Amino acid sequence: MTRVGILGATGAVGQRFIQLLDDHPDFELAAVTASEASAGETYKEAAKWRVDTPIPEDVASMTVRATDPDEVPDDVDLLFSSLPSSVAERVEPKFLDAGYVVSSNSSNDRLADDVPLVIPEINPEHLDLIEVQRDERGWDGALVKNPNCSTITMVPTLAALDRFGIERVHVSTLQAVSGAGYSGVSSMEIIDNAIPHIGGEEEKMETESRKLLGDFDGAEVEWHGAEVSASCNRIPTIDGHLENVWAELDEDPTVAEVYEAFADAPTQDLYTAPDPLIETFTEPDRPQPRLDRMVGGGMAVAAGGVQHTDSGIQYNCLAHNTIRGAAGASLLNGELLVEEGWV
Ligand SMILES: NC(=O)C1=CN([C@@H]2O[C@H](COP(=O)(O)OP(=O)(O)OC[C@H]3O[C@@H](n4cnc5c(N)ncnc54)[C@H](OP(=O)(O)O)[C@@H]3O)[C@@H](O)[C@H]2O)C=CC1
Ligand SMILES: N[C@@H](CC(=O)OP(=O)(O)O)C(=O)O
């Protein structure tokens, strides 16, 4: 068993970690941290539990610790981080200096040259950037990031299409309110409405996707050369980000060849990894958030509606933003870190 901890365990993503870690065959939850305001309380007292399964009994009675390396037991081998990025930026390096391996969902440092930004099925080899990171930063620990939830929804489909050569991508998103956290968008703002702006999200999709699809030569990642432009919108769904993608390719595949490429997407032999990675739908009105966000236990990407247009191949994709887009993504990176001997 690998003993794990969660930094920011009482939040929306932290709660998903707890749900996904319950009954995990290889990970044992040994520590939960949050802000000073929650430290010292039991988890049940500190967390405003919103997930649709009960708090596991053993977690409910755990004492929440302050988010400080001195508060976390030394025998914890792996930490998952779901702190606000402004906090993570300040706090994660302290854990890395103290020798912890951190699989983080927070957006700080995702684009740093020496930080692996990883989707295990797509670019597991980027994990070897840890060697470069340790040389450059002098850390005994290691920092690995998963991408933004909208980015991770689209990138597996782009990786599949890259066999035809991706030149240019346009994407328009319809993102669920849970992506902004429980108090992120007020009901008066979002009911009967759509908001055509999510701060920083477009830039994240445009940059993180190119790093994820880039080539790693053992020393650095050369970003993919495709042009990516994104337009991000908030809509009143609870979970599941739906995206309309236009991909301009070097080759001109048939619709059937595109579906075949999606169905061939690689998988990983890891506990939380779905198989297949991409569930395909040939019905023109799928995928839909309410119907399809739980494909592969919330860890798969749903894709469908493939057609030829004057702007290239057009299709729709969808993933669960707090599972594949957040806690599940970090958890899967943790499983890869263990599998590859970094923990
Ligand atoms: N919600 C989502 O769908 C997604 C979120 N993310 C990212 O994941 C991260 C967490 O998001 P989310 O769970 O929604 O956020 P929440 O605000 O729900 O939770 C934040 C967590 O961090 C803790 N925390 C806050 N301030 C501090 C501090 N100063 N020191 C230590 N701990 C602190 C909170 O503890 P306390 O309860 O004591 O305040 C809580 O446990 C963010 O970086 C977010 O951008 C990424 C993808 C999707
Ligand atoms: N911005 C995303 C959620 C999020 O927090 O993303 P990131 O992990 O890049 O901070 C959304 O609103 O749906």
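This is a predicted model, so every value here is computed, not measured. Each ligand, and each atom within it, is numbered from 1 in the order the structure gives.
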A.B. asks: Does the protein put a heavy atom less than 4.0 Å from atom 45 (O) of ligand 1?
C.D. replies: no
A.B. asks: Kindly indicate whether atom 17 (O) of ligand 1 is approached by any protein heavy atom to under 4.0 angstrom.
C.D. replies: no
A.B. asks: Among residues two or more places apart or on two chains, list those pairs meeting salt bridge (Lys or Arg N to Asp or Glu O under 4.0 Å) that have a residue in residues 240-249.
C.D. replies: Arg168-Glu248
A.B. asks: For ligand 1, indicate whether the residue Val87 contacts it via side chain, backbone, both or neither (heavy-atom separation under 4.0 Å).
C.D. replies: side chain
A.B. asks: Check which hydrophobic residues are tied to Leu242 through side-chain heavy-atom contacts below 4.5 Å, counting indirect links as well, and list them.
C.D. replies: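 Reading the cluster by chain and number, Leu242 sits alongside Leu174, Ile235, Leu318.
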A.B. asks: For Gly325, counting its heavy atoms only, list the atoms of ligand 1 lying under 4.0 Å from any of them.
C.D. replies: 47 (C)
A.B. asks: Relative to the heavy atoms of Ala9, which atoms of ligand 1 are at a distance of less than 4.0 Å?
C.D. replies: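 Here the atoms of ligand 1 in question are 41 (O).
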A.B. asks: Can you confirm whether the side chains of Asn105 and Asn146 place a donor and an acceptor under 3.5 Å from each other?
C.D. replies: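 Yes, a side-chain donor-acceptor pair sits under 3.5 Å.
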A.B. asks: Not counting sequence neighbours, which residues clear side-chain contact (heavy atoms from CB on, under 4.5 Å) with Thr254? List them please.
C.D. replies: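 Listed in chain order: Ala256, Glu257.
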A.B. asks: Is a donor from one side chain sitting under 3.5 angstrom from an acceptor on the other, for Asp215 and His224?
C.D. replies: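 Distance-only check fails for Asp215 and His224.
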A.B. asks: Quick one: look at Thr67 and ligand 1, take heavy-atom pairs under 4.0 Å, and tell me if it's side chain, backbone, both or neither.
C.D. replies: side chain
A.B. asks: For Gln15 and Thr10, does a side-chain donor sit closer than 3.5 Å to a side-chain acceptor?
C.D. replies: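 No, Thr10 and Gln15 have no side-chain donor paired with an acceptor closer than 3.5 Å.
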A.B. asks: I need the atoms of ligand 1 closer than 4.0 Å to a non-hydrogen atom of Ser82, numbered in the order shown.
C.D. replies: 9 (C), 10 (C), 21 (C)
A.B. asks: Of the choices Gly200, Ala34, Ala46, Ala12, which has the non-hydrogen atom that lies closest to atom 14 (O) of ligand 1?
C.D. replies: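 Looking at heavy atoms only, the winner is Ala12.
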A.B. asks: Would one find more than 12 heavy atoms of other residues, nucleotides or ligands at under 6.0 Å from atom CZ of Arg290?
C.D. replies: no
A.B. asks: Starting from atom 39 (O) of ligand 1, what is the nearest protein heavy atom, named by residue and atom, and what distance separates them?
C.D. replies: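 For this ligand atom, the closest protein heavy atom is Ser35 OG, 3.6 Å.
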A.B. asks: For Ser229 and His170, which I'm curious about, is there any donor-acceptor pair between the side chains at under 3.5 Å?
C.D. replies: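 Yes, because at least one side-chain N or O of Ser229 sits under 3.5 Å from a partner of the opposite role on His170.
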A.B. asks: Under the criterion side-chain hydrogen bond (donor to acceptor under 3.5 Å, both in side chains), I'd like the reasoning laid out for Gln307 against Gln314: C-alpha separation, chi angles, the key distance, then a yes or no.
C.D. replies: CA-CA 5 Å; Gln307 55 182 312; Gln314 202 275 314; 3.2 Å; yes
A.B. asks: Counting only heavy atoms, which portion of Pro84 has something under 4.0 Å from ligand 1: side chain, backbone, both, or neither?
C.D. replies: both
A.B. asks: Regarding Glu71 and Thr33, is there a side-chain donor-to-acceptor distance under 3.5 Å anywhere?
C.D. replies: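 The criterion, which ignores hydrogens and geometry beyond distance, is not satisfied for Thr33 and Glu71.
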A.B. asks: Number the atoms of ligand 1 from 1 as they appear, then name those within less than 4.0 Å of a heavy atom of Ser106, with their elements.
C.D. replies: 43 (O)
A.B. asks: Say whether Thr2 and Asp77, considering side chains only, have a donor N or O and an acceptor N or O under 3.5 Å apart.
C.D. replies: no
A.B. asks: Minimum distance, heavy atoms only, to atom 2 (C) of ligand 1: which one of Ser178, Ser85, Cys149 is it?
C.D. replies: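 Closest candidate by heavy-atom distance is Ser178.
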A.B. asks: Would you check ligand 2 and list the protein residues that come within less than 4.0 Å of it by any heavy atom, ordered by chain and number?
C.D. replies: Asn105, Ser107, Arg110, Asn148, Cys149, Gln175, Gly179, Ala180, Ile198, Glu201, Lys204, Arg234, His241
A.B. asks: Cation over ring, Arg50 on Tyr182, under 6.0 Å and within 45°?
C.D. replies: yes
A.B. asks: Examine the side chains of Tyr43 and Ser61 and answer whether a donor and an acceptor come within less than 3.5 Å of each other.
C.D. replies: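 Absent: no donor and acceptor within the cut-off.
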A.B. asks: Only heavy atoms count here, so choose which of Val91, Asn105, Leu7 is nearest to atom 8 (O) of ligand 1.
C.D. replies: Asn105
A.B. asks: Relative to the heavy atoms of Ser38, which atoms of ligand 1 are at a distance of less than 4.0 Å?
C.D. replies: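 Matching atoms, with element in brackets: 36 (P), 37 (O), 38 (O).
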A.B. asks: Is the CG atom of Asp75 crowded by more than 12 outside heavy atoms at less than 6.0 Å?
C.D. replies: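 Count over threshold, so yes.
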A.B. asks: Could you find the nearest protein heavy atom to atom 40 (C) of ligand 1 and give me its residue, atom name and distance?
C.D. replies: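 Looking only at protein heavy atoms, the one closest to atom 40 (C) of ligand 1 is Thr10 OG1, 3.3 Å.
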A.B. asks: So which of Leu83, Thr322, Val177 gets nearest to atom 42 (C) of ligand 1, if we judge by its closest heavy atom?
C.D. replies: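 Among Leu83, Thr322, Val177, the closest heavy atom to atom 42 (C) of ligand 1 belongs to Leu83.
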A.B. asks: Per the side chain to side chain contact (heavy atoms under 4.5 Å, CB included) rule, which among Lys145, Gln133, Lys211 passes with Pro116?
C.D. replies: Gln133
A.B. asks: What is the nearest protein non-hydrogen atom to atom 23 (C) of ligand 1, stated with its residue, atom name and distance?
C.D. replies: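 Result for atom 23 (C) of ligand 1: Gly8 CA, 4.0 Å.
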A.B. asks: Where is the nearest protein heavy atom to atom 13 (O) of ligand 1: which residue, which atom, and how far?
C.D. replies: Val13 N, 2.8 Å
A.B. asks: Taking only heavy atoms of Ala326 into account, list the atoms of ligand 1 that are under 4.0 Å away from them.
C.D. replies: 47 (C), 48 (C)
A.B. asks: Please work out whether the ring planes of His24 and Phe27 are parallel, tilted or perpendicular, with thresholds of 30° and 60°.
C.D. replies: parallel
A.B. asks: How far is atom 19 (O) of ligand 1 from the closest protein heavy atom, and which atom is that?
C.D. replies: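 I find the closest protein heavy atom is Gly11 CA, 3.2 Å.
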